[in-house]
Engineer: 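This is the structure I have questions about; it appears just below.
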Amino acid sequence: MAQAVEEWYKQMPIITRSYLTAAVITTVGCSLDIISPYNLYLNPTLVVKQYQYWRLVTNFLYFRKMDLDFMFHMFFLARYCKLLEENSFRGKTADFLYMLLFGASVLTGIVLIGGMIPYLSASFAKIIFLSNSLTFMMVYVWSKQNPYIHMSFLGLFTFTAAYLPWVLLGFSILVGASAWVDLLGMIAGHAYYFLAEVYPRMTNRHPLKTPSFLTALFADEPVVVARPENVRFAPAPFDEIHQD
């Protein structure tokens, strides 16, 4: 069993493995009181006035206490992050990392701007960790790229992947979780999908082109077609070419 888990972990692509590892270590560290969540949450005042810039990153790594909800989000993180990186972004690791950075920036911007809007500031002030929202963003992007895959929810009913975010949103509401978290993920996911895939098809412009410094970090491996050594390919005989 342990060996199977180790093989499963090693086979994960690098971004998925790194994010999952950081999330588990951070959450376990907080559960064991090794790390304090008060040093991780998103606090605009501390970021701007006390230069605690790490909060812009760490608030995406903590998934609250280790319970059923934690396992639920770890499953979705491992599954859909891995599916995106291995399929839609296969050989494009820099593009995948840029998608996550874009989503994190959009989510942070929404929370910061929402905190300055009257009547909404109280609701946004409660959102101090955006890890669940970033996970939901990946689910949304995957569902938009694979809309016709048939899925089943707890064996109760079947639907296509295009409706997966809405099914999960409804489930969150039923169990009493905040719908804001999932909605933010859907907004960030839709913003990315529109700018990365819909808008370029409409205008032939690519506003989300991956920066060159990220591309340089992850040099894509060329596809190599192996062939036996010492094999020479000779042209076909003249009589075969002109054979009726």
Side-chain angles (χ1 to χ4, degrees), residues 12-20 22-23 42 44 47 53-61 73 76-116 124 127 129-149 161-166 168-169 180-223:
M12 282 187 175
I14 183 169
I15 301 299
T16 301
R17 184 169 66 246
S18 300
Y19 188 22
L20 182 65
L42 181 62
V47 170
Y53 299 119
W54 67 82
R55 294 178 182 272
L56 297 174
V57 177
T58 56
N59 82 92
F60 290 99
L61 301 179
H73 282 90
F76 277 94
L77 173 60
R79 176 176 173 80
Y80 293 102
C81 189
K82 183 173 182 286
L83 284 174
L84 283 172
E85 190 171 359
E86 287 185 339
N87 296 288
S88 302
F89 293 89
R90 187 177 185 86
K92 298 183 290 185
T93 305
D95 294 346
F96 183 63
L97 178 59
Y98 188 54
M99 184 201 78
L100 295 182
L101 293 176
F102 172 82
S105 300
V106 170
L107 291 170
T108 302
I110 292 175
V111 171
L112 295 181
I113 294 174
M116 297 184 291
F124 281 100
I127 304 176
F129 292 102
L130 291 166
S131 48
N132 292 350
S133 297
L134 188 60
T135 302
F136 207 87
M137 173 201 168
M138 288 185 275
V139 174
Y140 184 90
V141 172
W142 179 85
S143 71
K144 296 295 288 185
Q145 295 179 342
N146 304 273
Y148 303 112
I149 294 179
Y163 297 99
L164 177 61
W166 300 102
L168 296 179
L169 176 62
W180 274 107
V181 173
D182 294 346
L183 285 172
L184 290 179
M186 294 174 70
I187 293 172
H190 189 75
Y192 175 82
Y193 180 76
F194 178 81
L195 293 175
E197 300 196 26
V198 178
Y199 186 76
R201 290 198 297 264
M202 295 169 55
T203 64
N204 200 29
R205 297 177 181 174
H206 300 269
L208 290 185
K209 185 178 180 180
T210 304
S212 58
F213 75 91
L214 286 180
T215 305
L217 290 177
F218 303 96
D220 295 332
E221 296 182 359
V223 178

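All residue numbers refer to positions in the sequence shown, counting from 1.
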Engineer: Output all residues satisfying side-chain contact (heavy atoms from CB on, under 4.5 Å) with L100, sequence neighbours left out; order by chain, then residue number.
Structural biologist: I15, F96, M138
Engineer: If you draw a 6.0 Å radius around CH2 in W54, do more than 12 non-hydrogen atoms from other residues or ligands fall strictly inside?
Structural biologist: yes
Engineer: Does the pair E86 and R90 meet the rule for a salt bridge (charged side-chain N to carboxylate O under 4.0 Å, His left out), with working shown?
Structural biologist: CA-CA 5 Å; E86 287 185 339; R90 187 177 185 86; over 6 Å; no
Engineer: Look up atom OH in Y19 and atom CZ in F60, then write down how far apart they are to the nearest 0.5 Å.
Structural biologist: 7.5 Å
Engineer: Closer than 3.5 angstrom, by distance alone: can the side chain of S18 be matched with the main-chain N or O of I14 as a donor-acceptor pair?
Structural biologist: yes
Engineer: With rounding to the nearest 0.5 Å, note down the distance linking CD1 in I110 to CG in L130.
Structural biologist: 9.0 Å
Engineer: To the closest 0.5 Å, what do you measure between CG (L84) and CG (D95)?
Structural biologist: 12.5 Å
Engineer: Among all residues two or more places apart in sequence or in another chain, which pass the side-chain contact (heavy atoms from CB on, under 4.5 Å) test with L112?
Structural biologist: P44, T108
Engineer: With a 3.5 Å cut-off and sequence neighbours excluded, list the donor-acceptor pairs that the side chains of residues 197-208 form with protein atoms.
Structural biologist:
residue	atom	partner	partner atom	Å
E197	OE2	Q145	NE2	2.6
R201	NH1	E197	O	3.3
T203	OG1	Y199	O	3.0
T203	OG1	R205	N	3.3

Engineer: Calculate, to the nearest 0.5 Å, the distance between atoms OG and OH belonging to S143 and Y140 respectively.
Structural biologist: 6.5 Å
Engineer: Enter the distance from E85:CD to L97:CG here, rounded to the nearest 0.5 Å.
Structural biologist: 9.0 Å
Engineer: Is the number of heavy atoms from other residues, nucleotides or ligands under 6.0 Å of Y163 OH greater than 12?
Structural biologist: no
Engineer: Could you check whether any side-chain N or O of N132 sits under 3.5 Å from a backbone N or O of V181, counting only pairs where one atom can act as donor and the other as acceptor?
Structural biologist: no
Engineer: Nearest 0.5 Å, what's the CZ-OG1 distance between F89 and T16?
Structural biologist: 11.0 Å
Engineer: Kindly say whether M12 contributes a backbone atom to a donor-acceptor pair with the side chain of R17 at under 3.5 angstrom?
Structural biologist: yes
